[in-house]
Amino acid sequence: MLTEKIAVHHFITLKQTMYNPDMQSIKQRFGIIGNSPLLNRAIDVAVQVAPTDLSVLITGESGVGKESFPQIIHQYSHRKHGPYIAVNCGAIPEGTIDSELFGHEKGSFTGALADRKGYFEVADNGTIFLDEVGELPHATQVRLLRVLETGEFIKVGSSKTQKTNVRVVAATNLDMQKAIQNGRFREDLYYRLNTVPISIPSLRERKEDIVILFRKFAADFAEKYRMPTVRLTEDAQRLLLNYYFPGNIRQLKNIAEQISVIEQNRDIDFNCLKRYLPENEMGKVPVVFTGKEEKTFASEREILYQVLFDMKKDMNDLKKIVHGLIDKNEIHYNDKPSDKVVLTSSENAFTPAIPHPVKKYIPNEVAETTISPVEEYVEDTLSLEDMEKEIIKKALEKYKGKRKDAADELKISERTLYRKIKEYNI
């Protein structure tokens with residue numbers, strides 16, 4: 001009787017383990033190293049969402065190991081016996097990505113010598129992982145949105161609608177909100193993909209794992225290259241912990257491999273390790289936004305305009321000061337013409353004296369023009385908008401109103417030129 005109870009208990013425990021795998025077994029299975037709470041949270045969310053068919057968007061910096069999480073989601077889902085396809089959207093040329101994802105018909109374009117199945121057709125009843133999804137062209141984003149909403153797609157060159165039952169997991173290292181604001185990514189597609197978000201922490205957010213990861217990489221490379229394992233001294237470990245790691249785990253792995261191959265001494269100290277860490281990233285910390293927006297320039301032309309306007313403003317300010325002194329009789333004119341500015345005494349103070357007005361000779365006619373010592377000062381008010389308007393007018397006149405040629409000359413898009421024409425009422 002006792003034996004039967006023990007057997008039943010073991011069976012129940014085994015069944016619970018199958019559906020609720022512990023964290024350590026998941027890490028061992030998928031080669032994930034570390035005990036950071038942020039990392040554990042990301043793994044837990046992946047396991048919890050795996051049995052559903054919800055779309056998942058994985059975000060994180062380049063090199064943090066995003067590619068492991070779609071595999072966790074696939075393997076712990078009911079689709080685990082179906083196909084799993086990983087697609088790097090950033091590595092496929094824009095002209096062929098629709099064909100790669102959705103397939104094409106024979107003769108639909110040059111080089112289409114036969115029908116071809118796309119990834120969404122091949123991955124039916126399975127999972128497709130779209131890495132770097134933020135790099136998808138707009139036309140492909142529309143097609144992907146239709147797949148997510150209706151499960152339907154059309155091959156390139158075909159008019160027949162096909163159905164697919166695919167679980168989509170996407171990943172990106174872009175700031176998606178900024179990409180949406182810049183018109184680079186569709187907002188409706190973002191919310192379709194981002195049904196369940198999973199954020200993978202950067203290496204500097206899980207510093208407690210850095211030394212552990214280095215030891216693992218060092219042991220792996222020692223076995224690979226058949227040499228003793230390198231070890232970090234305490235000061236070298238502290239240096240590693242204070243490093244920014246812009247390349248995250250991928251960069252740490254490369255550093256471990258370089259040291260394992262190059263260094264003869266297996267004990268790595270502070271000075272030795274420092275040679276493998278770029279100095280511009282030493283002690284770097286994230287920049288805090290102060291709320292003050294800095295002005296940026298889109299082109300060298302705008303920079304030149306700004307310099308010219310600053311110089312013009314300085315000259316106008318100087319003219320105002322000089323004319324103000326003239327009005328207050330603080331500047332006196334010499335009676336004798338002179339090419340130099342002479343200092344004259346006025347109430348025990350020295351003030352600059354302006355040269356006496358001279359006669360101006362005009363060829364082919366005799367005229368005597370006296371320049372008034374005190375002229376009415378008129379400030380030029382030419383603004384950046386006025387100069388931009390004039391430049392656009394000249395470009396349009398040059399190309400006889402052809403907006404496309406004018407836009408190419410101005411190094412802007414035709415849409416931007418059209419907007420400027422309406423804005424300035426040209």
Side-chain angles (χ1 to χ4, degrees), residues 90 93-95 134-142 174-187 289-327 339 341 354-355 357-426:
E94 184 174 344
E135 303 298 330
L136 284 176
H138 272 271
T140 309
Q141 292 179 31
V142 176
L174 295 179
D175 183 340
M176 295 302 285
Q177 294 297 335
K178 186 178 292 185
I180 292 170
Q181 292 173 5
N182 296 337
R184 186 174 176 181
F185 200 82
R186 292 179 62 96
E187 187 174 13
F289 179 65
T290 61
K292 296 180 180 179
E293 185 177 352
E294 295 184 0
K295 185 171 183 179
T296 58
F297 299 95
S299 66
E300 293 181 1
R301 185 186 289 115
E302 290 188 16
I303 297 174
L304 180 59
Y305 286 165
Q306 187 63 43
V307 171
L308 291 173
F309 289 140
D310 289 343
M311 292 173 63
K312 186 179 182 64
K313 184 177 182 299
D314 293 340
M315 290 296 295
N316 288 337
D317 291 341
L318 183 58
K319 288 178 183 177
K320 285 181 179 179
I321 293 171
V322 172
H323 283 273
L325 293 173
I326 293 173
D327 292 338
D339 293 333
V341 176
I354 306 297
V358 296
K359 294 180 181 180
K360 181 179 180 182
Y361 174 72
I362 302 175
N364 301 326
E365 62 177 310
V366 178
E368 188 174 282
T369 304
T370 303
I371 302 175
S372 173
V374 182
E375 292 187 43
E376 182 181 355
Y377 172 72
V378 179
E379 181 183 358
D380 292 333
T381 58
L382 189 61
S383 65
L384 180 60
E385 289 77 9
D386 293 332
M387 290 198 70
E388 187 176 46
K389 183 177 178 180
E390 289 301 318
I391 291 171
I392 291 173
K393 281 184 177 180
K394 289 180 181 178
L396 290 170
E397 289 172 2
K398 179 179 178 181
Y399 293 100
K400 299 179 180 179
K402 294 181 180 179
R403 289 202 300 264
K404 186 177 185 306
D405 295 336
D408 293 340
E409 173 77 14
L410 297 170
K411 308 297 183 186
I412 60 176
S413 67
E414 191 174 353
R415 179 180 295 179
T416 301
L417 177 59
Y418 180 74
R419 179 172 56 80
K420 292 288 185 183
I421 290 172
K422 290 188 67 178
E423 180 181 342
Y424 295 136
N425 196 23
I426 299 175

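Residues satisfying the salt bridge (Lys or Arg N to Asp or Glu O under 4.0 Å) criterion with R403, sequence neighbours excluded, are absent altogether.
Within the model, atoms CG of D405 and NZ of K398 stand 10.0 Å from one another, a figure rounded to the nearest 0.5 Å. Atoms CD and NZ, from E388 and K420 in turn, are 4.0 Å apart once rounded to the nearest 0.5 Å. Summarising the geometry, atom CD belonging to E423 is positioned 11.5 Å from atom CG belonging to L417; distances are rounded to the nearest 0.5 Å.
In terms of modelled atom types and a separation under 3.5 Å, the side chain of Q141 and the main chain of L136 share a donor-acceptor contact.
Closest heavy-atom contact between E409 and Y399: OE1-OH, 2.9 Å.
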Listing, residues 175-184 side-chain donor-acceptor contacts under 3.5 Å, not counting sequence neighbours, or none:
| from | atom 1 | to | atom 2 | distance (Å) |
| --- | --- | --- | --- | --- |
| D175 | OD1 | Q177 | N | 3.3 |
| D175 | OD1 | K178 | N | 3.4 |
| N182 | ND2 | K178 | O | 3.2 |
| R184 | NH2 | E135 | OE1 | 3.2 |
| R184 | NH2 | E135 | OE2 | 3.2 |

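Under the 4.5 Å side-chain criterion, counting only non-hydrogen atoms from C-beta, L396 is in contact with I421.
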